[in-house]
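What you see below is based on every heavy atom in this structure, not just the backbone, and it leaves out hydrogens, waters and symmetry mates. So that the names make sense, note that chain A is the first sequence line, chain B the second, and so on, each numbered from 1.
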Amino acid sequence: MEDKVRIEKDVEVSRRSILRTSALVGAGIGAAQIFGTTPVAALGGTTNATLDKAIKEIVKGKTIKVGFTPPVLSENFTQIESAAWRKMAEFEKRFGVKWVWERQAPVGDFNAVQGTLGIVQSWISRKFDAIAVCTGANFATVQDLYKTANSKGLKVFQFNQPAELYPEDQLQTVANIGYDNRWQSGYLAGKYVAKTLGGKGNILQIWGPSGSDWTRGRRIGFDKALKEHPGIKVLGEADGGYVRDKGFTAAQDLLTKYPNVNAIYGENEEMALGASQAIDAAGLKHWNGKTGIVTIGADGLVSGFKAIAAGKLTATVDIGGIDQGQNLIEAIFADVALGQTLTQIINNPTQVVDKTNYKWHQAYAEWALATPRKYGK
Amino acid sequence: MRNQSKFSKFIAIEGIVILIAFVLMLIFFSIQAESFLDQDSIRYYINEAVPIFVITVGLTFVIIAGGIDLSIGSVLGLSAGTSLMVSMWGWPVWMAIIVGLLTGLSFGLLNAVIITVFKVNDFIVTLGTLYIASGALTVLTDNIQLVGTQDENFLKISDIEFLGITSAIWMALIIAIVLELVLVKTSFGRRIFATGIGETPALIAGISTQKTKFGAYLMSGGLAGFGGVILASHLNSVQSGLAGGYELTAIASAVLGGVSLAGGRGSVWRAILGVLFLTTLNQGLLLMGIDPLIFQIVTGLCILVGVVVDRGVYKFALTRSIETSPTVSVFLGGKKVKSWR
Amino acid sequence: MALNYTKISKNTSLQNRIVQDPSFGIIALLLFAIILMTILEPSFATSGNVTNIVNAMMTVSFLALGMTIVLIAGGLDLSVGSTMAVTAGVAGKFISYGIDMKVAFICALAIGTGIGVINGLLVTKLGIPDFIATLAMLGIGQGVILLWTQGVPILDYMNETYYYIGGLKKIVGPISIPMIVVVVVSIALAIILKRTKFGLNLYAVGSSPFSARNSGVNVDLIKISAYAISGFLAAIAGIHIAGRTTTIPPLIGKGYEISAIAAAVIGGASLLGGKGRVIGALIGALTLTLTRNIINLVGIESSWQAIVTGSVLVGAVLANRASGEFGKKLNRRIRT
């Protein structure tokens, strides 16, 4: 019953996000001309001197204090943070806005929810302008805190969260900068596997720790793709805890039982890379375009792109981390400095990346990572 | 006793050193950290810490009796889950409290039985039940999304304000005071100390050490259950992994407050002071904007220094006050070689 | 008559030795699980799966061996997980800086041993309870590695040799370098424990530090050495796991200290000190690895894993306890 409702909502959300992505509007704020659009701006961009000057006059050298809290320190969140710095540097130069950036990650695993709550609360006490949160805490846990933040005049932004799983009218955030997990990560991965295998084959799945919203979202998406391709059978699944060595061991165990699988899905890239190692260790062959085992993950990490280049990973879904980081800053700037009203859910393009197109994704991520560490400590 | 200077008398008051350190830290943060004295911020972090206060009280009993309970954190999480679940089913608030308490008590009972009846090592048993409780919470949250009850009364458990302080803090205070009295004034409390000082002499003195330990574990479990109810009422949402790692904070706090892991020494109020110290340290560093990665290191160092100082003072105080008893001072002068029970 | 008598006594002593083995309970449990799985799951008793299990248990084995030494000496080391992460980081980073592999490994081993020595000093010279001292060290180690890497996994250190060290490439047939190292370390430790004065002293210090001190044993030195061995083995585990995972995420060692303690205790080591065996540590590591393997093969839903793991832990110590009682009873019956 509940699932059905959710799926219907899916369609609606995705339709909206498709419109948005097709228009390629950066932060979805009708300000494409101002900010350029990522990644287009990154690749060339057009700026307008008069416009820049006009905005500079409004900004008046304002300082924006931003708190940034990922659920855990990892390559993915480093990429997002670096991308944010890129945009901050750009805006500082163009509009004269100054930034104070503080990153605090709770120590522990994805479930260290209390840590995130404490960090956000401390920023509320210290009267930051904007807070960017990504947390493993489920929707309900954080809304009260966001309400408190709002009442004190702080703006809360979420990034990289499956906002489509949440009741939109109850969201207490200014905006959610993310991507649609079901359609553009789990679903895309499922579709890619089905397409590559010609609609028939046996697959294994390695999931993150059960109970997280990310896992839930991606599972819905993958299941949807499977429904469309009844020829694809899931033989086995295991918990890989979002980390490589557990993903490796889990894939190894599953491969022993089902040596003749055609594909392995790792819910994130770390686990997919672990699965790829398990294939090597078992003496099996990677996908070479015709035979072998297809491996696919999701995140869009530089290490993943390198693995694709080396033929160790067939594909991954780039969840638009670099765009997320930049759009996060655009959204914060538009709201805090310019006072614009934003769309509540800002989804970024996602794409399956394989041998055919990894190069520009890798270059894009490396461009973001090469940001001078001006804002970090 | 004869030659005691004023200073050594003062320093010999148990817990005085950590108290001084705590006050110094408060002064430091008031100057250094912006909005440290902000009322909301104080209320918030103390409120967050209430469940840790509650489990630390139970843990103190277990440790003084010479045991250890690692399961309290995840039992607290599980109890939060069960009580919120039944509240979401529409059960009245008192039933929700009872369900939470029973969840905690049943794990306390399980620990107590395996440890005292089957005589298996407490560390490993409670480690096992830690896994079981956290696994049970994962299974629970996998099947039911515990994201909020409609029952206003359930939310009020932790949130009624009285004299500007929330009911959660009041309850923690009452629990701490009552159980401090139990520890100091009742025969159960004295048996706890006797068991922790040495099981054999306690047995000779006619104390059933196993029964005493049984009681301590049961209490620890029950308090974890109650802490869970408070946490669930405070967050109104429970997810897997909730409160995992609380047990380590609780143990570190208790030890910092001078509760000896070897058993037989400690008190509830000092353990509470230990929790206050660690949570305030955490809050102060957060407000100073220090990277949590660094303050993990700082916290580690603080615990080490705290324990060393506490031990030094304890030894110093004892050697001064019991100078007349040569055997004891020889024993204390010698290094303690076996620290883990 | 006489002949007959010796025969009987030999029989009973063999039987005794099996039943009274401290790990009898857990071995029986393991055998039962293995037989059951062999019948139920055709892919279980395959050479591929056995190799997987053995390879997967290497990391925990190193840590459990070190933990066993510390436990025998009456200590506890919660820092092994983060020591492993730090040393893996040292090895990986140094190699990626272009430093010679041998030098990188020596540095990693030295740092691991150093952390162990610091643990030992904290526990003995400053008298901090081992639980707290090593817990603080765990936090410090984790903080250091996270700060150093800023959360970004360490890459670009893998080379041909490292694939062998990680056990990803085998030397002969299914035999890999880590297996050989585990065997060598185990034999060395077994000899140290059984045949050397140091080994005897370890047990003596663990079972009664006061009488050990009275009989002239340098208790502090023995304890510090035990922690140093544990740190050294954690460094070996670190060097190994870096090769196995081919990248080093900073939180790589998280939770391993618990696995190590669990493995050691399942193998018969006592947290009260004075007890523990090398073979026990390996049996414990096997139990944990096998549990995970069975969960994956049978396809137990992942949310149930923690419950299964916890139950196995409690079940294993109960089994050990039960077999201990049974052995004692048997002994009494034979004597009377």
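Using a 4.5 Å cut-off between heavy atoms, A:I124 makes no contact with chain B at all. Only the side chain of B:L231 has a heavy atom closer than 4.5 Å to any heavy atom of chain A. For a residue to count as touching a neighbouring chain, one of its non-hydrogen atoms must lie under 4.5 Å from one of that chain's; by this rule B:V238 touches chain A with the backbone only.
In terms of modelled atom types and a separation under 3.5 Å, the side chain of A:R126 and the main chain of B:L286 share a donor-acceptor contact.
To the nearest 0.5 Å, the span separating OG on A:S122 from OH on B:Y45 amounts to 13.0 Å. Separation of atoms CG (B:N236) and CD (A:Q143) is listed at 11.5 Å; rounding is to 0.5 Å.
The shortest non-hydrogen separation linking B:L287 to A:S125 is CD2-CB, 4.0 Å.
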